[in-house]
Amino acid sequence: MASKITRINPEQLHETPGYHHITVVEAGRTAYLAGQCPLDQNGDLVGSGSLEMQVDQVVVNALAALTAVSALPHHVVRSVVYVRSDDRDALGVAWRRLTDSALGPAFTTASTLLGVAQLGFSGQLIEVDLTVSLPD
């Protein structure tokens with residue numbers, strides 16, 4: 001049985017910049033991707049000091065992880081974006097770069113964008129956590 005994904009924005013809740021307040025998944029299998037970091041295939045940090053370059057590497061890594069489970073960005077049902085910053089402009093830069101990327105459809109679903117004090121790798125500015133409803 002194929003998964004059915006429904007995305008909802010109730011009238012009683014505020015408008016969003018592209019994501020949906022609620023995502024409902026019926027049946028199917030689920031994949032939980034580990035937080036995608038701005039590391040290259042050798043495990044080296046990409047784009048030290050550049051949020052834009054790090055976002056681009058996270059997109060490359062997330063797309064590779066989705067491909068490994070035969071999924072596409074529109075199969076993502078939940079995303080959490082962590083940005084090492086307390087500057088709302090930096091969070092906006094990260095959000096816009098993600099939503100304008102090839103991974104963009106992943107962020108039309110239930111999404112959370114957080115500014116955090118620290119991430120796991122020295123110099124890391126962004127991490128993206130994705131939950132995927134796998135296609136049959």
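In what follows, residues are counted from 1 in the order of the sequence shown.
If you take OG1 on Thr16 and NE2 on His21, they are separated by 5.5 Å, rounding to the nearest 0.5 Å. Taken from NE2 in His14 to CG in Asn9, the straight-line distance is 8.5 Å, to the nearest 0.5 Å. Residue His74 holds its NE2 atom at 10.0 Å from OG1 of Thr108, rounded to the nearest 0.5 Å. Rounded to the nearest 0.5 Å, atoms CG (Leu98) and CZ (Phe107) are 4.5 Å apart. Between atom CZ of residue Arg7 and atom NE2 of residue His20 there is a gap of 7.5 Å, rounded to the nearest 0.5 Å. Atom CD of Gln54 and atom OG of Ser48 lie 7.0 Å apart (nearest 0.5 Å).
Of the possible polar contacts, none joining the Gln124 side chain to the Leu119 backbone as a donor-acceptor pair under 3.5 Å is found. Listed for the Gln36 side chain is a donor-acceptor partner under 3.5 Å among the backbone atoms of Ala34. A donor-acceptor distance shorter than 3.5 angstrom exists from the side chain of Asp40 to the backbone of Asn42, with no hydrogens or angles considered.
Looking at every heavy atom in both residues, Cys37 comes nearest to Glu127 through SG-OE1, 3.5 Å. Scanning both residues, Leu130 and Ser79, for their nearest heavy atoms gives CD2-CB, 3.6 Å. The two residues Thr23 and Ala110 make their nearest non-hydrogen contact at OG1-N, 3.0 Å. Summarising the geometry of Leu66 relative to Leu72, their closest heavy-atom pair is CD1-C, 4.0 Å, with the distance given to 0.1 Å. The two atoms that bring Trp95 and Tyr19 nearest to each other are CZ2-CD2, 4.2 Å, heavy atoms only. When every heavy atom of Pro135 is checked against every heavy atom of Ser70, the shortest pair comes out as CG-O, 3.1 Å.
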(request) Test Leu39 against Val46 for side chain to side chain contact (heavy atoms under 4.5 Å, CB included), laying out the working first. (result) CA-CA 6 Å; Leu39 304 178; Val46 171; over 6 Å; no
(request) Could you go through the side chain to side chain contact (heavy atoms under 4.5 Å, CB included) check for Ile5 and Val77 one step at a time? (result) CA-CA 8 Å; Ile5 302 169; Val77 296; 3.8 Å; yes
(request) Evaluate the side chain to side chain contact (heavy atoms under 4.5 Å, CB included) criterion for residues Leu103 and Leu63: first the C-alpha distance (whole Å), next the side-chain angles of each, then the deciding distance (0.1 Å), finally the verdict. (result) CA-CA 7 Å; Leu103 189 60; Leu63 290 171; 4.0 Å; yes
(message) Using side chain to side chain contact (heavy atoms under 4.5 Å, CB included), reason through Asp56 and Arg97 one step at a time and then give a plain yes or no.
(response) CA-CA 8 Å; Asp56 294 347; Arg97 194 155 185 105; 2.8 Å; yes
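Taking hydrophobic clusters as Ile, Leu, Val, Met, Phe, Trp and Tyr residues chained together by side-chain heavy-atom distances below 4.5 Å, Met53 does not share a cluster with Leu51. Val59 and Leu113 fall within a single hydrophobic cluster, where Ile, Leu, Val, Met, Phe, Trp and Tyr are joined by side-chain heavy atoms under 4.5 Å apart, directly or via other members. By the criterion of side-chain heavy atoms lying less than 4.5 angstrom apart, applied directly or through intervening Ile, Leu, Val, Met, Phe, Trp or Tyr residues, Val58 is not grouped with Val60; the two fall into different hydrophobic clusters. Hydrophobic clustering (ILVMFWY, side-chain heavy atoms < 4.5 Å, transitive): Leu134 and Val76 are in one cluster. Criterion: ILVMFWY side-chain heavy atoms under 4.5 Å apart, direct or through other members. Under it, Val69 and Val128 are part of a common hydrophobic cluster.
Other residues, nucleotides and ligands place no more than 12 heavy atoms under 6.0 Å from the CG atom of Asp86.
Checking Leu91, Ile126, Thr112, Leu114 one by one against Val81, the side-chain contact (heavy atoms from CB on, under 4.5 Å) holds for a single residue, Ile126.
Residues Arg29 and Ser133 bring no donor and acceptor atom of their side chains to less than 3.5 Å of each other.
When side chains are defined from C-beta on, Leu33 does not count as touching Thr131, because their heavy atoms never get closer than 4.5 Å.
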